[in-house]
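Worksheet for the structure shown next.
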Amino acid sequence: SAQLEQFHGWLLKNTFMMALNGMPSRDELIQRLAPNVKQPMERENLCVQEMRECVSVTQQIIRIMCSLFDELDLEDIRK
């Protein structure tokens with residue numbers, strides 16, 4: 001935290017804190033994601049399974065996009 005703080009201004013720090021404070025709790029988030037599933041454990045298992053599927057698909061999309069960037073020579077190397 002101390003190492004990164006010097007690179008973040010007041011606006012960024014406070015915006016990030018506001019975003020975190022606006023997030024629902026874990027239990028509330030899972031309830032919102034699967035409102036029709038009544039059993040808490042079943043609801044959580046369903047959400048975790050769907051999140052894993054989402055991560056898997058997202059990783060495939062990212063790999064394809066990276067390949068396209070390489071293939072089309074779109075990578076900005078001026079860093």
Side-chain angles (χ1 to χ4, degrees):
S1 168
Q3 291 82 12
L4 295 176
E5 245 180 73
Q6 60 186 330
F7 300 107
H8 297 123
W10 178 88
L11 182 62
L12 179 62
K13 288 178 194 176
N14 286 300
T15 301
F16 184 73
M17 288 308 296
M18 281 181 36
L20 285 179
N21 288 332
M23 290 180 60
S25 68
R26 183 179 192 277
D27 290 338
E28 187 178 346
L29 176 64
I30 289 174
Q31 171 65 38
R32 288 182 186 184
L33 291 173
N36 297 326
V37 180
K38 300 300 178 207
Q39 296 298 321
M41 192 55 107
E42 183 182 345
R43 181 184 311 124
E44 183 169 340
N45 289 340
L46 175 66
C47 288
V48 169
Q49 176 187 347
E50 289 184 357
M51 285 184 224
R52 285 187 175 134
E53 290 173 13
C54 182
V55 167
S56 175
V57 170
T58 302
Q59 287 173 331
Q60 292 172 14
I61 292 169
I62 290 170
R63 279 194 293 275
I64 291 168
M65 289 177 70
C66 287
S67 277
L68 282 171
F69 266 65
D70 289 342
E71 181 181 323
L72 299 172
D73 197 28
L74 296 175
E75 184 68 32
D76 185 2
I77 57 173
R78 297 176 291 170
K79 300 175 189 169

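Each residue takes its place number in the sequence, starting with 1. The basis for the numbers below is simple: all heavy atoms, side chains too, and nothing from hydrogens, waters or symmetry mates.
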Going from SG on Cys47 to CD on Glu42, what distance comes out if it is rounded to the nearest 0.5 angstrom? 10.5 Å

Residues passing the side chain to side chain donor-acceptor pair (under 3.5 Å) test with Glu28, sequence neighbours excluded, are Arg32

Applying side chain to side chain donor-acceptor pair (under 3.5 Å), name anything that partners Gln31, two or more places apart in sequence or on another chain. Arg43

Could you check Leu33 against Glu50 for side chain to side chain contact (heavy atoms under 4.5 Å, CB included), going step by step and ending with a plain yes or no? CA-CA 10 Å; Leu33 291 173; Glu50 289 184 357; over 6 Å; no

So OG of Ser56 and CD1 of Ile61: to nearest 0.5 Å the spacing works out to 10.0 Å

So does Met65 have more than 12 non-hydrogen atoms from other groups sitting under 6.0 Å from CE? no

Please go through Leu20's hydrophobic cluster and name the other residues, only I, L, V, M, F, W, Y counting, with side-chain heavy atoms under 4.5 Å joining them. Phe16, Met17, Met23

Quick one: pull up CD1 in Ile62 and CD in Gln59 and give me the separation to the nearest 0.5 Å. 7.0 Å

Glu53, Met51, Arg52 screened by side chain to side chain contact (heavy atoms under 4.5 Å, CB included) with Gln49, the one that passes: Glu53

Quick one: CD on Glu75 to CG on Leu68, what's the gap to the nearest 0.5 Å? 12.5 Å

